[in-house]
Amino acid sequence: MSDIADAAKRLLLGRPVRSENLGHTLLPKRIALPVFASDALSSVAYAPDEILLTLAVAGFTATTISPWVGLAVVVVLLTVVASYRQNVHAYPSGGGDYEVATKNLGPSAGVGVASALMVDYVLTVAVSISSGAQYAASAIPALRDHETTFAIVLVMLLTLVNLRGVKESGRFFAIPVYLFMFAIGVTAVVGFLRHLTGNLPMAESAGFELVVQPGFDEGLMGLAGAFLIARAFASGCAALTGVEAISNGVPAFQKPKSKNAATTLALLGGISALMILVILFLARLTGVHYAENPHEQLTSGGQALPVDYVQHPVIGQLAEAVFQGVPVAFYIVSAVTGLILVLAANTAFNGFPVLGSILAKDGYLPRQLHTRGDRLAFSNGILTLAAGAIILIWAFDAEVTRLIQLYIVGVFVSFTLSQLGMVRHWTGKLRTETDPKVRSQMTRSRVVNSIGFAMTGTVLVIVLLTKFTHGAWIALLAMGGVFVLMKSIRKHYDSVSEEIELGDDASAARALPSRVHAIVLVSKLHKPTMRAIAYARASRPNTLEALTVGVDSEDVERLTAQWESLDIPVPLRVLDSPFREITRPILGYVRSVRRESPRDLVVVYIPEYVVGHWWEQLLHNQSALRLKGRLLFTPGVVVASVPWQLSSTQGQTGLEGTGYSAKNRRVGY
């Protein structure tokens, strides 16, 4: 069974990679860009949608300002990119926002940033995959009403690819990301050329009317209008998600790491900003209408749209208009966009495991998240992220509009605290630096980070005010829960370390117990029992006895007669058990030995069968396991398991796939 499982694992994930080959998994810029920037690049596929559908509630006039809302988002994006370029130079170890906040604002701020980032990474996967599933459903009618199932399958496939290793997944994702950039570029060039020549077709939805929703009869005038613009801006700021991933993934870059990471950040910012503006301006020129509830908010000739009307996402509508007469282009653009949205989740699959490893190393997450798997990927972190994303997709039915409300809170919490931490970082450096040239560079960096702090802090306030009742409170609650959990884990690890610390008792390691009292547990006389007795005698304890529990009087008489006839040189003690219990009498006797001689060490030898098949476990009682579990909580008691391998274990040494040859395996004693 284990051979089959191992073969399946090797088939899916590939052969193990040696630790010294870690350097070969580092990424050049051409692959690092699609690996780490795919989330931010792909956000142009849904950030414009969110701006338009938010403004749509106030009617067509409100949607005309969408390019200017997008421009405000771009200003924030470029500011954050410039700020993070300072981060990757100052902190190239891969801790990103967590490291910056911890070192400059304290451990609690660091854990707060980490909790926000981890929640946001899970949401990144859920939002990207769900959005990709919607694009796929718009191009493939058979997938409609099955978006949730399709999204979950996509998460599983993405998980499998990432378990194979960072570099392999990077190569896999590079081509689709560049295809997406090319598709948006061609759409933009053709669209603007057709506009300049006066033959740019209008989008299908341009012929529909937007129904003004109650409370927005005056359009964008008044407090309600200002609040709506703020909400549209906050939704558009989803375009900034993923910027922080590069600062968390600096160790994955080829040398010079910081320089390559900063260059990739600059490319990310420029390309993303250009794409957002191009899409929003083209949407304005083609008259794209996009509503959250098209059957209620869109009408045609004064009549509500038919129930079976399918509203394509914004990029899909643009492609349909720009490439009118060439329907294959619409399908290509939609397919590439859907694919990049799916692959955008790979940013989180690279960022979350690395951050989880750092947090585990610092004691804030279980140690299992710190180590790499046999493909040099952080396998446990990848699986944890996938599980969280699948739960969210299932809970929110893969609806992007519902998920997006939770999305950007966490990333702006980390942005704001990180920029504040960088301001304090440069302030501290300036106190000790005397070189005028270096001081000048530090001063410029502090100005950049100060502007970044002011801007991201303002956006965070806007996001909280406009999105809190729309679902942002769920994200805040999740962050609080993760924060408390990580603090509790760290408290546990600190408590354990303090308890087992050697301290001034180093001499205790050399101290020997007064006496060793060995007890061999016996149920019947057979080969496993005789092996346990032999091992116990070989350890030369001060006192050695065999112990059995008298559940059945006939069995006890038979065992006693065999014992005497074989002349075994170990006394046999029989414990009475009127209620046919086994565990309780043994525990009581062992504890009585400890009470009589507290300074003695009690060693309990337990003979055990070792079976080769899972179903054989069901055919043997688990009394030895229960006993070990109870004895482990008894101070001054050591439990020694003495295994007896049954014939079904032959060839199942547990070393398959490790590179050890059969001649190096030891089976039995």
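Reckoned from all heavy atoms, side chains included, excluding hydrogens, waters and symmetry mates.
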Contact summary for [X] and [Y], nearest pair of heavy atoms:
X      : Y      : answer
Ala101 : Val113 : CB-CG2, 3.7 Å
Leu417 : Ala109 : CD1-O, 4.2 Å
Leu369 : Gly381 : CD2-N, 3.6 Å
Leu265 : Val81  : O-CG1, 3.4 Å
Thr466 : Arg231 : CB-CG, 3.2 Å
Tyr98  : Gly110 : CD1-O, 3.2 Å

Is the backbone N or O of [Y] less than 3.5 Å from a side-chain atom of [X], with the two atoms forming a donor-acceptor pair by type?
X      : Y      : result
Thr54  : Glu50  : yes
Tyr493 : Arg367 : yes
Lys257 : Phe253 : yes
Ser418 : Phe415 : no
Thr148 : Asp397 : yes
Ser357 : Pro353 : no

Using the side-chain contact (heavy atoms from CB on, under 4.5 Å) rule, take Asn87 and Gln419 through it: C-alpha gap first, then chi angles, then the decisive distance, then the call. CA-CA 9 Å; Asn87 290 37; Gln419 296 312 302; 4.0 Å; yes
Once salt bridge (Lys or Arg N to Asp or Glu O under 4.0 Å) is applied, what residue pairs with a partner in residues 468-483 remain, sequence neighbours excluded?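 Residue pairs passing salt bridge (Lys or Arg N to Asp or Glu O under 4.0 Å), neighbours aside: none found.
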Gap separating the [atom1] atom of [X] from the [atom2] atom of [Y], nearest 0.5 angstrom:
X      : Y      : atom1 : atom2 : value
Leu477 : Trp473 : CG    : CH2   : 6.5 Å
Tyr364 : Leu485 : OH    : CG    : 13.0 Å
Phe352 : Leu359 : CZ    : CG    : 9.0 Å
Thr159 : Ile390 : OG1   : CD1   : 6.0 Å
Met118 : Ser115 : CE    : OG    : 9.0 Å
Leu154 : Thr149 : CG    : OG1   : 11.0 Å

Donor + acceptor pair across side chains of Ser414, Asp120 (<3.5 Å):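 Result is no, nothing qualifies.
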Run the side-chain contact (heavy atoms from CB on, under 4.5 Å) check on Leu53 and Tyr290 step by step: do they pass? CA-CA 5 Å; Leu53 70 82; Tyr290 192 72; 3.7 Å; yes
Tell me, with the steps shown, if Asp97 and Tyr84 meet side chain to side chain donor-acceptor pair (under 3.5 Å). CA-CA 9 Å; Asp97 293 344; Tyr84 269 87; 2.6 Å; yes
Partner set under salt bridge (charged side-chain N to carboxylate O under 4.0 Å, His left out) for Arg490, not counting sequence neighbours: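 If we apply the salt bridge (charged side-chain N to carboxylate O under 4.0 Å, His left out) test to Arg490, skipping adjacent residues, the hits are Asp494.
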Does the side chain of [Y] come within less than 4.5 Å of [X]'s, by heavy atoms?
X      : Y      : answer
His425 : Asn449 : no
Leu355 : Tyr121 : yes
Leu392 : Leu123 : yes

Tell me which donor-acceptor pairs under 3.5 Å the side chains of residues 456-465 have, and how far apart each pair is, sequence neighbours excluded?
unit_1	atom_1	unit_2	atom_2	d
Thr456	OG1	Gly452	O	2.7
Thr456	OG1	Phe453	O	3.4
Thr458	OG1	Ala454	O	2.7

